[in-house]
There are 2 protein chains.
Amino acid sequence: MSKCDQCIIRQFNSLKALGKDDLIRISGCKTSRFVQKGETLFREGESINGIFCIKDGVCKLTKLSANGKDQIVKLVVRGDLIGQRSLVSDEKSNLTAVAINDMEVCFIPKSEILHDLAKNASFSLDMLQDMAKELRVADNIIVDMAQKSVKQRLADVLIYLHETFDKDNDGFLTVVLSREDYASLVGTATESAIRILSQFKKEGLISTTGKHVKIEDLEGLRRIE
Amino acid sequence: MSKCDQCIIRQFNSLKALGKDDLIRISGCKTSRFVQKGETLFREGESINGIFCIKDGVCKLTKLSANGKDQIVKLVVRGDLIGQRSLVSDEKSNLTAVAINDMEVCFIPKSEILHDLAKNASFSLDMLQDMAKELRVADNIIVDMAQKSVKQRLADVLIYLHETFDKDNDGFLTVVLSREDYASLVGTATESAIRILSQFKKEGLISTTGKHVKIEDLEGLRRIE
DNA sequence: TTATACCTATGACAAATGTCATAAAACTAC
DNA sequence: GTAGTTTTATGACATTTGTCATAGGTATAA
């Protein structure tokens, strides 16, 4: 089993604030797990009792809305932690996590993390900063949802994907989302997402092959209004 | 000048986690301030360099959207703290704060709070929990913005106001918002908000006199879809 | 490979929401 | 109180978005 203190992933999240001895202690009780594409990591309403550290892959955090549709609240990528909120507020998860890729995740039980939160001020400050950042992003999403058109939001998502994820040799995004996922990210009907993506394709802003998407004209997407 | 350790307001926020000696130290450097209705506490992009504790009154936190409209992200009430995010992430404010009522606020400079964050684990844990809660609320708002109709969102806002704020002798809400504020809270055009409020009035769900609103049929509002 | 299920695409239409114009009401300053 | 200004109200219409139906593609497993 790999050790946390030798894991480069932790450089990308709050775990970097921990010292070597803490990391070794955590190594001893963490579990590692492979999650297949489409598999559910945890569901809304479940107690997670720990945090997940994403070693590889991508997953979507969704929330069931009043009308029965799942809405994607956030994409979580390699290096991110999930479950901090439920951990510190000692509540059940408000979100469902589903793998979009094959993933590799580590799970650190609650007690270990709480131990560090209570003892290590720089660790809890780091986590506080992380949450502050998430909150700022959430504020931006709220405003965008309220004020931007579906077309703009979809363009934003494409720009975000382009800036966040790798491309293959032909320039296609390595994250492959269904049209339903795109719809769920921007909060619209699947048909609307399909229609707008078709339009973007016609306008030469993107190209698609099946579910694979390539951004052809980033500046054009930025100009969408 | 009143002392923090004798202030009941702190029971409602993270400051309750501080001990008497810390509170007395803070008392010594805090400032107290009256803010008139309509006055701006701080603007998006400014450095706040501390946190505000709302002793009395209500204010709106808004964010300028790409299309130039102000969107209300949150209402902040008596007992709430503002500025924690910018404080811990050491960034300029991402929101503008404008008083909706006459307010009384205390301002605690950054250095004092950081001192406590670094030293007092239960204080920083409390603040962490507070932010976790805000984040959960933000997730809910994102989903609502994406999935609910304007009418539903406006009904939600009315229910929220009814549950959060006091009523006068005739049952009217003591918070008085302009139609523009209502529109900005749900993310719609002012005319749309006016139209829907008129409709609610016709249906007997609310009654209005000028800007004053009274919820007449809470259950009816909950049934809106 | 083929059958099957699922996903994508598109048209037609309905419903929701935004925009512009204008009038009435409410608020403010004098 | 009155004049002037802002806010609220409402109609008419344009635009956006959602819904339903249906057809064609694509992936997957036996």
Side-chain angles (χ1 to χ4, degrees), chain A residues 36-39 65-71 98 100-102 144-158 172 175-203 206-214 224-225, chain B residues 36-39 65-71 98 100 144-158 172 175-203 206-214 224-225:
Chain A
Q36 281 196 320
K37 175 184 171 179
E39 216 179 308
S65 71
N67 66 25
K69 276 191 195 168
D70 269 323
Q71 163 81 22
V98 176
I100 283 185
N101 276 335
D102 289 346
D144 287 352
M145 283 286 180
Q147 306 274 359
K148 291 188 177 177
S149 68
V150 173
K151 198 190 288 183
Q152 276 179 298
R153 276 159 23 217
L154 192 44
D156 285 348
V157 163
L158 290 167
F172 283 82
V175 245
V176 177
L177 301 175
S178 69
R179 301 294 194 261
E180 196 181 355
D181 284 333
Y182 279 102
S184 174
L185 268 167
V186 301
T188 190
T190 307
E191 295 94 323
S192 296
I194 289 173
R195 238 179 272 273
I196 294 170
L197 286 174
S198 296
Q199 191 192 338
F200 284 171
K201 197 173 169 179
K202 273 178 199 146
E203 293 170 351
I206 62 172
S207 53
T208 66
T209 318
K211 298 193 174 186
H212 295 261
V213 173
K214 177 179 179 182
I224 290 289
E225 60 176 27
Chain B
Q36 281 196 320
K37 176 183 170 181
E39 217 179 306
S65 71
N67 66 26
K69 278 191 194 168
D70 268 323
Q71 163 81 22
V98 176
I100 283 185
D144 287 352
M145 283 286 180
Q147 306 275 359
K148 290 189 177 177
S149 68
V150 173
K151 198 190 288 183
Q152 277 179 297
R153 270 146 44 205
L154 193 45
D156 286 348
V157 163
L158 290 167
F172 282 82
V175 245
V176 177
L177 301 175
S178 69
R179 301 293 194 263
E180 196 180 355
D181 284 333
Y182 280 103
S184 174
L185 268 168
V186 302
T188 190
T190 307
E191 295 95 321
S192 297
I194 290 174
R195 239 179 270 273
I196 294 170
L197 286 174
S198 297
Q199 191 192 337
F200 285 171
K201 199 173 169 179
K202 274 181 198 143
E203 294 170 351
I206 63 173
S207 54
T208 66
T209 319
K211 296 192 175 186
H212 295 262
V213 173
K214 177 180 179 182
I224 290 291
E225 62 174 25

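Just so it is clear: chains get the letters A, B, ... in the order the sequence lines come, proteins before strands, and each one is counted from 1.
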Check: Does B/Q199 use its side chain to pair, donor to acceptor, with the backbone of B/I196 at less than 3.5 Å?
Finding: no

Note to self: With a 4.5 Å cut-off on side-chain heavy atoms, are A/L197 and A/R179 touching?
What the structure shows: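 Heavy-atom side-chain distance check passes, below 4.5 Å.
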
Next item on the list: Specify the residue among B/E191 and B/K37 whose closest nucleotide of DNA chain C lies further upstream toward the 5′ end.
Entry: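 It is B/E191 whose nearest nucleotide is closer to the 5' end.
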
Figure out the [atom1]/[atom2] separation between [X] and [N], and round it to whole Å.
| X | N | atom1 | atom2 | answer |
| --- | --- | --- | --- | --- |
| A/Q152 | D/dT17 | CD | C1' | 14 Å |
| A/R179 | C/dT10 | CZ | P | 10 Å |
| B/I196 | D/dA9 | CD1 | C1' | 14 Å |
| B/L154 | C/dA16 | CG | P | 15 Å |
| B/K151 | C/dA15 | NZ | P | 12 Å |
| B/N67 | C/dT17 | CG | P | 17 Å |
| B/L177 | C/dC27 | CG | P | 15 Å |
| A/R153 | D/dT17 | CZ | P | 7 Å |

Notebook entry, point to check: Is A/R153 salt-bridged to A/D144, going by a charged N under 4.0 Å from an acidic O?
Noted result: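 Here A/R153 does not pair with A/D144 in a salt bridge, since their nearest N and O are not under 4.0 Å apart.
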
Margin query: Tell me if the CD atom of A/E180 is crowded by more than 12 foreign heavy atoms within 6.0 Å.
Written below: no

Does [X] have a side-chain nitrogen or oxygen under 4.0 Å from the phosphate oxygens OP1 or OP2 of [N]?
| X | N | value |
| --- | --- | --- |
| A/T190 | C/dC7 | no |
| A/R195 | C/dA9 | no |
| A/S178 | C/dC7 | no |
| A/S149 | D/dT16 | no |

Item checked: Donor-acceptor pair between A/K201 and A/T208 side chains, under 3.5 angstrom -> yes

Checklist line | Residue whose closest nucleotide on DNA chain D lies nearer the 5' end, A/A189 versus A/K211 | finding: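 Mapping each residue to its closest nucleotide by heavy atoms, the 5'-most match is A/A189.
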
Note to self: Please classify the nucleic acid contact of A/T188 as base, sugar-phosphate, or nothing, using heavy-atom distances under 4.0 Å.
What the structure shows: sugar-phosphate

Next item on the list: Measure from the side chain of A/S192, starting at C-beta and using heavy atoms only, and say which of C/dT19, D/dG18, C/dA9 lies closest.
Entry: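 Among C/dT19, D/dG18, C/dA9, the one nearest the side chain of A/S192 is D/dG18.
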
Next item on the list: Can you figure out which of D/dA9, C/dT8, D/dT17 approaches the side chain of A/I194 most closely?
Entry: C/dT8

